[in-house]
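Chain letters run A, B, ... following the sequence lines, proteins first, then strands; residues in each count from 1.
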There are 2 protein chains.
Amino acid sequence: MKILTEERHTTRARILVSAEALFAERGFEVVSLREITGAAGVNVAAVNYHFGSKEKLIDAVVTRHLVPVNEERLSQLDKLEKQFSGAPIPVEEILKAFLSPVLQHIASGEMSEDLFKKFMGRLIGERGYSLPVGTCSLFAVMAGRFAAAFQRAVPQLDEKSALWRMHFSFGVMAHTLTNGETLRQLSDGRSGNPSTETLLGNIIDFCRAGIEFEGREL
Amino acid sequence: MKILTEERHTTRARILVSAEALFAERGFEVVSLREITGAAGVNVAAVNYHFGSKEKLIDAVVTRHLVPVNEERLSQLDKLEKQFSGAPIPVEEILKAFLSPVLQHIASGEMSEDLFKKFMGRLIGERGYSLPVGTCSLFAVMAGRFAAAFQRAVPQLDEKSALWRMHFSFGVMAHTLTNGETLRQLSDGRSGNPSTETLLGNIIDFCRAGIEFEGREL
DNA sequence: GTCTATATGGGGATAGAC
DNA sequence: GTCTATCCCCATATAGAC
């Protein structure tokens, strides 16, 4: 799943790699083009030559990391639907298809685990999910298909509830990966140091119970 | 729970009110002191006179909204502990004490609902929970007491799991309130327009199931 | 307490030589 | 494609008159 592979030396690629690290660490708005190009060892003017503007550079960085994760989600759901050929897929499996591509992206080495967590946090919190045009429809398709899968898996769920419980689940993951360190500080270390994989397992348990719960509907 | 009450006309108060709205809408870093003082109808230099620096103004704004919410959480938990006098408190009640003070703060009119949601998102996503010194210990106490209450309510939970499941629950709330609009867009309106109160009810159901779930521990 | 004026520094973008 | 130099804008913070 390496995205840049053999082109790591080109100016364009050097800018992307430096930019995403700085964006993750300190935020999209605060990091200046001068810092990015300085860290990349290229000229200030190169960003505008290769990307057109700072905003388009941000779009390129975001797209580069989000699109593969979402495509992997869809591909895993495809596999499950074939495997269960029309029968409802267990909630736990759907959740795995939804959450584990993040782990895979981290494992791919395209971005360090620490950095990717921070990157996710910035993306959600600072830019409020304002996605690059062109990636929006991919997200909409993904959300629709996963909500539908949840609905088939839990018969009493209506479409609205399925959408919201999916949203809740994504919230657990996003917030946990992004702000796990905060819990460690608040609890003075008593929350321990579980690996991301362990944590995702617990998130899946938590969300499965919440999704399968037979309660009021919206 | 009005915080400013009769002082809304003072320069200091006018700055606070303008600042928090702009911060919520567009982010702490991007908003300039010129915008804030312009909107407040006071002079640029007034911020530095009354607060010392932009960073200290941010601290004041954050403290002003977070401290009352957390104190209300603790006060509601106090009440529950008295009411159940030593016996375990039902998970649903603990969750209400944890989540509903946000609703109350919105209802207090201190900040509009729309704005407060955005404000929460900025706080978590842009500042990564970096709390003003002086509010940290309040948060630590709150987290510790709520985790302990969850642990008493669900006997098979160890301390670590209680802390994490509390964290998961907070994640659901934060992410849902902050990014509910995104789900509406992604689902092309099919997620409907539930009120914040309805939504919080559903969040409580979802989290209760997740917290009471008897599964693997960390 | 509040104002104007200014010091000092940094930002994004571009023109034009190489 | 890459560089230098520069345009023009805006930021925070402060000094000092009122």
Side-chain angles (χ1 to χ4, degrees), chain A residues 3-64 122-123 126-128 130 132-133, chain B residues 3-64 122-123 126-128 130 132-133:
Chain A
I3 307 173
L4 294 176
T5 53
E6 296 309 319
E7 315 177 309
R8 283 203 117 78
H9 60 289
T10 69
T11 297
R12 202 189 133 90
R14 295 176 60 82
I15 292 173
L16 278 173
V17 170
S18 296
E20 62 200 25
L22 286 163
F23 287 155
E25 207 68 61
R26 313 226 325 280
F28 294 100
E29 307 275 3
V30 241
V31 172
S32 70
L33 295 184
R34 284 170 162 83
E35 287 177 90
I36 294 168
T37 52
V42 305
N43 192 273
V44 225
V47 167
N48 279 288
Y49 178 79
H50 285 282
F51 297 92
S53 70
K54 184 184 180 181
E55 199 56 31
K56 284 183 192 158
L57 168 61
I58 294 176
D59 276 6
V61 168
V62 171
T63 302
R64 191 165 97 75
R122 298 283 174 198
L123 198 63
E126 192 174 328
R127 305 191 32 97
S130 87
V133 274
Chain B
I3 308 172
L4 293 175
T5 53
E6 295 309 318
E7 313 177 312
R8 284 204 116 78
H9 60 287
T10 69
T11 297
R12 203 190 131 90
R14 295 176 58 82
I15 291 172
L16 277 173
V17 170
S18 296
E20 62 200 26
L22 286 164
F23 287 154
E25 208 67 61
R26 313 225 327 280
F28 294 100
E29 307 275 3
V30 225
V31 173
S32 69
L33 296 184
R34 283 171 163 80
E35 289 177 89
I36 294 168
T37 52
V42 305
N43 191 272
V44 224
V47 168
N48 279 288
Y49 178 78
H50 285 282
F51 296 92
S53 70
K54 185 184 178 181
E55 198 56 31
K56 284 183 191 157
L57 168 62
I58 295 175
D59 276 7
V61 168
V62 171
T63 302
R64 191 166 97 75
R122 297 284 174 199
L123 199 61
E126 192 174 328
R127 303 190 34 96
S130 87
V133 274

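- If you measure from atom CD of Glu55(B) to atom C1' of dA11(D), you get 15 Å, rounded to the nearest angstrom.
- Spacing between atom NE2 of His50(A) and atom C1' of dG1(D) amounts to 6 Å, rounded to whole angstrom units.
- Although no hydrogens or angles enter the test, the distance criterion places a donor-acceptor pair under 3.5 Å between the side chain of Arg122(A) and the main chain of Glu25(A).
- Under the 3.5 Å distance criterion, the side-chain polar atoms of Glu35(A) are left unmatched by any main-chain donor or acceptor of Leu22(A).
- For the pair Glu29(B) CD and dG11(C) C1', the interatomic distance rounds to 14 Å; values are reported in whole Å.
- Distance Lys54(A) NZ to dG10(C) C1': 12 Å, rounded to the nearest Å.
- Atom NE2 in His9(A) sits roughly 13 Å away from atom C1' in dG1(D) (whole-Å rounding).
- Residues that satisfy the side-chain contact (heavy atoms from CB on, under 4.5 Å) test with Thr37(B), not counting sequence neighbours, are Val42(B), Val44(B), Val47(B).
- Residues Lys54(A) and Ile36(A) form no side-chain contact, since every pair of their non-hydrogen atoms from C-beta on lies 4.5 Å or further apart.
- Looking at heavy-atom distances under 4.0 Å, Ala45(B) makes contact with a base.
- In this structure, Asn48(A) atom CG and dC3(D) atom P are separated by 14 Å, rounded to whole Å.
- One finds the CG atom of Asn48(A) at 6.5 Å from the CG atom of Leu33(A) (value rounded to the nearest 0.5 Å).
- Taking 3.5 Å as the limit, the base of dG12(C) and the side chain of Arg34(A) contain a donor-acceptor pair of atoms between them.
- Ranking dA13(D), dT2(C), dA13(C) by closeness to the Tyr49(B) side chain, first place goes to dT2(C).
- Taking only side-chain nitrogens and oxygens, Thr11(B) comes nearer than 4.0 Å to OP1 or OP2 of dT2(C).
- The interatomic distance linking Leu57(B) (CG) with dA13(D) (P) rounds to 10 Å, in whole Å.
- Nearest-nucleotide positions on DNA chain C for Val30(A) and Gly52(A) put Val30(A) closer to the 5' end.
- Neither OP1 nor OP2 of dG1(D) sits under 4.0 Å from any side-chain N or O of Asn43(A).
- A close approach under 4.0 Å does occur between a side-chain nitrogen or oxygen of Ser32(A) and OP1 or OP2 of dG11(C).
- A straight line from CD1 of Ile58(A) to C1' of dG12(C) spans 12 Å, rounded to a whole angstrom.
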